[in-house]
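Report on the structure given below.
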Amino acid sequence: MSQTHKNKTFTTLLAFLLGGVGAHRFYLRGAGDKWAWLHVASVPACAAVALAAPQADRFYQLLPLIVSVLLGCLQALVLGLMSDEKWDAAYNGGSGRQSDSTWPLALILVLTLAIGVGGTIAAMARLFDLMYTGGAYG
């Protein structure tokens with residue numbers, strides 16, 4: 001039985017848009033992927049932090065999801081920058097088709113890099129603001 005063909009551009013888009021909840025990992029490996037469930041677990045982890053520390057700053061309450069989203073951006077870059085040959089060997093071994101990445105993948109990668117780096121810098125700035133000034137600047 002032949003394996004279904006996994007599209008690299010679609011996977012990269014999933015990792016960029018829904019990487020925080022592991023959609024790209026479910027697409028690639030299915031429900032048996034433990035790392036995908038770890039991404040999903042970031043949502044109830046935010047609720048647990050909010051219930052355990054309701055007086056905490058909203059940034060701390062959302063930190064598990066923020067980390068998961070930033071990791072999704074990193075995974076989008078790793079998957080999108082993988083060569084088509086390596087991609088096909090890893091995810092399309094039995095599909096009988098070959099990947100051919102075009103310009104939409106490059107656009108997704110540029111957006112991922114811009115938003116991922118901007119989000120990382122913003123998260124670091126807010127974390128240091130909260131740690132060292134108690135949130136005096138925001």
Side-chain angles (χ1 to χ4, degrees):
M1 188 167 154
S2 71
Q3 174 185 357
T4 59
H5 184 78
K6 305 291 184 189
N7 187 306
K8 184 167 85 165
T9 303
F10 180 68
T11 304
T12 305
L13 183 64
L14 274 177
F16 171 58
L17 295 176
L18 298 171
V21 292
H24 61 293
R25 297 197 63 99
F26 286 115
Y27 173 70
L28 288 177
R29 295 182 181 90
D33 186 9
K34 294 174 187 166
W35 291 104
W37 288 107
L38 189 62
H39 279 290
V40 172
S42 68
V43 176
C46 289
V49 170
L51 288 174
Q55 76 287 357
D57 188 82
R58 181 73 63 198
F59 177 81
Y60 289 130
Q61 294 175 351
L62 294 175
L63 194 57
L65 185 60
I66 292 169
V67 169
S68 185
V69 167
L70 292 176
L71 286 173
C73 286
L74 180 63
Q75 290 172 348
L77 291 171
V78 169
L79 293 171
L81 291 172
M82 187 182 295
S83 69
D84 287 343
E85 294 78 21
K86 189 174 177 182
W87 173 266
D88 287 334
Y91 301 108
N92 292 325
S95 74
R97 294 174 50 196
Q98 293 195 355
S99 297
D100 183 26
S101 301
T102 57
W103 67 268
L105 178 62
L107 181 62
I108 293 167
L109 289 172
V110 169
L111 288 172
T112 300
L113 185 63
I115 292 173
V117 168
T120 301
I121 291 170
M124 288 172 47
R126 182 65 180 153
L127 182 62
F128 285 120
D129 175 40
L130 289 170
M131 286 175 45
Y132 295 116
T133 69
Y137 294 106

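Sequential numbering from 1 along the given sequence is applied to the chain's residues.
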_For T133 versus A136, what's the shortest heavy-atom pair and its separation?_
OG1-N, 3.2 Å
*Rounded to the nearest 0.5 Å, what separation is found between the NE2 atom of H24 and the CZ atom of R29?*
8.0 Å
*Check whether M131 and I121 end up in the same hydrophobic cluster, where Ile, Leu, Val, Met, Phe, Trp and Tyr are linked by side-chain heavy atoms less than 4.5 Å apart.*
no
*Roughly how far, to the nearest 0.5 Å, is the OG1 atom of T11 from the CG atom of L79?*
7.0 Å
*asked:* Let me confirm one number: the CG-CG distance from L127 to L63, rounded to the nearest 0.5 Å.
replied: 7.0 Å
*Can you get from Y132 to L130 by hopping between Ile, Leu, Val, Met, Phe, Trp and Tyr side chains that sit under 4.5 Å apart?*
yes
*Separation between NZ of K86 and NZ of K8, rounded to the nearest 0.5 Å*: 10.5 Å
*Taking all atoms of both residues into account, what is the closest heavy-atom pair of I66 and A123, and its distance?*
CG2-CB, 4.3 Å
*Judged by atom type as modelled, is there a donor-acceptor pair below 3.5 Å linking the side chain of Y60 to the main-chain atoms of V49?*
no
*Minimum heavy-atom distance between T12 and G80, given as atom pair plus value*: OG1-CA, 3.4 Å
*For the student: nearest non-hydrogen atoms of Y91 and Q3, plus distance*: O-NE2, 2.7 Å
*asked:* Distance check, rounded to the nearest 0.5 Å: Y27 atom OH versus D33 atom CG?
replied: 14.5 Å
_Hydrophobic clustering (ILVMFWY, side-chain heavy atoms < 4.5 Å, transitive) - are L51 and V43 grouped together?_
no
_Check: L65 main-chain N/O paired with S42 side-chain donor or acceptor under 3.5 Å_ = no
*Counting N and O atoms only, with roles assigned by atom type, does the side chain of W87 sit under 3.5 Å from a partner on the main chain of K6, one being a donor and the other an acceptor?*
yes
*Distance from L38 atom CG to R25 atom CZ, nearest 0.5 Å?*
9.5 Å
*Looking at S101 and D84, what are the two nearest heavy atoms and their distance?*
OG-OD1, 2.7 Å
*Indicate, with yes or no, if F26 and L18 share a hydrophobic cluster defined by side-chain heavy-atom contacts under 4.5 Å among Ile, Leu, Val, Met, Phe, Trp and Tyr.*
no
*Single-linkage hydrophobic cluster L113~L13, side-chain heavy atoms < 4.5 angstrom*: no
*Check whether any side-chain N or O of T120 sits under 3.5 Å from a backbone N or O of G116 as a donor-acceptor pair, and report yes or no.*
yes
*Between the main-chain N or O of N92 and the side-chain N or O of H5, is there a donor-acceptor pair closer than 3.5 Å?*
no
*Considering non-hydrogen atoms only, spot the tightest contact between H39 and S68 and give its length.*
ND1-OG, 2.7 Å
